[in-house]
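All values below come from the heavy atoms of this structure, side chains included, with hydrogens, waters and symmetry mates left out. If you're wondering where the values come from, they're calculated on a predicted model, not measured in any experiment.
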Amino acid sequence: MVSWIISRLVVLIFGTLYPAYYSYKAVKSKDIKEYVKWMMYWIIFALFMTVETFTDIFLCWFPFYYELKIAFMAWLLSPYTKGSSLLYRKFVHPTLSSKEKDIDDCLVHAKDRSYDALVHFGKRGLNVAATAAVTAAAKGQGALSERLRSFSMQDLSSIRGDSPSPSPIPVRTASKGTKAKLTRSVTQYAEPSVCSCCSVGKILRATAQSP
């Protein structure tokens, strides 16, 4: 576990960040020699990362596997061994030069096929989406028409006939005690009027009898 962590740190710091910084300096200074040097390194490093993906799965049990990876990274970067330049000039460049035309043809063919496949699947996706939208719209319209058809005049009349009639307003009947109280009140208000009428009659009779 410790060897794996150390090897990952070495690959990250010395195999990626350190060459990236010196590649930046080579581009900035426009030094062709340094530029070519670091370009060769990045090609070897890309191949190394590709092979490492499989060796980490099948050869991680090998004794001193991670220590060998650290030693290999040091050999690639060392200015004395120039491992990246040596591997590129001895193996990578001759192989790529002999297979360059075949690789270009494969890439062009794969590019055309991927574009055709993308267009084909894009059209199929659009057709499926359009069909699903039309089907959903048709189903929604059919459900709406069935719903409207269910509300016929007979249904409306039955709904109107079933509606409850307004309940009559209850009328309170006065009790006997209440009636007696009302009678006494009316009598009390009526007596002054009778007395006043009698007084007026007496005054009129006295006036008529006097000479």
Side-chain angles (χ1 to χ4, degrees), residues 1-140:
M1 184 66 181
V2 177
S3 301
W4 178 83
I5 295 174
I6 295 174
S7 67
R8 297 313 301 172
L9 289 175
V10 169
V11 172
L12 176 64
I13 296 173
F14 296 101
T16 306
L17 298 178
Y18 175 79
Y21 177 71
Y22 275 93
S23 299
Y24 155 76
K25 292 188 69 173
V27 173
K28 183 179 179 180
S29 62
K30 298 180 181 180
D31 189 348
I32 302 300
K33 184 178 180 180
E34 289 292 317
Y35 186 80
V36 171
K37 170 188 171 182
W38 289 112
M39 284 298 297
M40 290 188 294
Y41 169 80
W42 285 117
I43 294 171
I44 298 299
F45 184 76
L47 295 175
F48 166 75
M49 294 298 293
T50 304
V51 175
E52 184 192 29
T53 303
F54 299 98
T55 56
D56 282 350
I57 298 173
F58 299 106
L59 296 178
C60 59
W61 54 268
F62 192 78
F64 304 106
Y65 169 74
Y66 296 107
E67 287 79 1
L68 290 174
K69 284 174 60 176
I70 294 172
F72 180 73
M73 289 302 305
W75 180 74
L76 288 180
L77 288 170
S78 175
Y80 301 102
T81 57
K82 298 180 180 180
S84 59
S85 300
L86 180 64
L87 289 178
Y88 179 81
R89 296 179 188 277
K90 293 290 185 180
F91 301 102
V92 177
H93 184 76
T95 304
L96 292 178
S97 297
S98 60
K99 303 293 183 179
E100 184 175 2
K101 190 176 184 305
D102 297 334
I103 295 173
D104 290 340
D105 293 339
C106 291
L107 290 176
V108 171
H109 186 63
K111 184 178 179 180
D112 294 337
R113 291 190 62 183
S114 62
Y115 178 76
D116 294 338
L118 181 63
V119 172
H120 175 69
F121 285 112
K123 288 182 178 179
R124 287 190 62 183
L126 290 176
N127 291 332
V128 170
T131 304
V134 171
T135 304
K139 288 183 179 179

What residues, two or more places apart in sequence or in another chain, satisfy ring pair (Phe, Tyr, Trp, His ring centres under 6.0 Å) together with Phe48?
Phe72

To the nearest 0.5 Å, tell me how far Phe91 CZ sits from Leu86 CG.
7.0 Å

Of all the heavy-atom pairs spanning Trp42 and Ser23, show the shortest one and how long it is.
NE1-OG, 2.8 Å

Would you mind reporting whether Met40 and Ile44 have side-chain heavy atoms less than 4.5 Å apart?
no

Kindly say whether Gly83 contributes a backbone atom to a donor-acceptor pair with the side chain of Tyr41 at under 3.5 angstrom?
no

Give me each pair satisfying side-chain hydrogen bond (donor to acceptor under 3.5 Å, both in side chains) with a member in residues 64-85, each pair once, sequence neighbours excluded.
Ser3-Glu67, Glu52-Lys69, Thr55-Tyr65, Asp56-Tyr65, Asp56-Lys69

Validation row: Phe45, Pro19 side chains within 4.5 angstrom (heavy atoms)
no

Parallel, tilted or perpendicular: rings of Tyr18 and Trp38 (30°, 60°):
perpendicular

Rounded to the nearest 0.5 Å, what separates atom CG in Leu96 from atom CD1 in Ile43?
7.5 Å

So do the side chains of Thr53 and Met49 get within less than 4.5 Å of each other, counting heavy atoms only?
no

Here the gap from Lys99 atom NZ to Asp104 atom CG, rounded to the nearest 0.5 Å, amounts to 13.5 Å

Rounded to the nearest 0.5 Å, what's the gap from OG on Ser97 to CD1 on Ile103? Could you check?
9.5 Å

If I compare all heavy atoms of Ala26 with all of Glu34, which pair ends up nearest, and what's the gap?
CB-CB, 3.8 Å

Where the side chain of Thr16 meets the backbone of Ile13, is there a donor-acceptor pair that is under 3.5 Å apart?
no

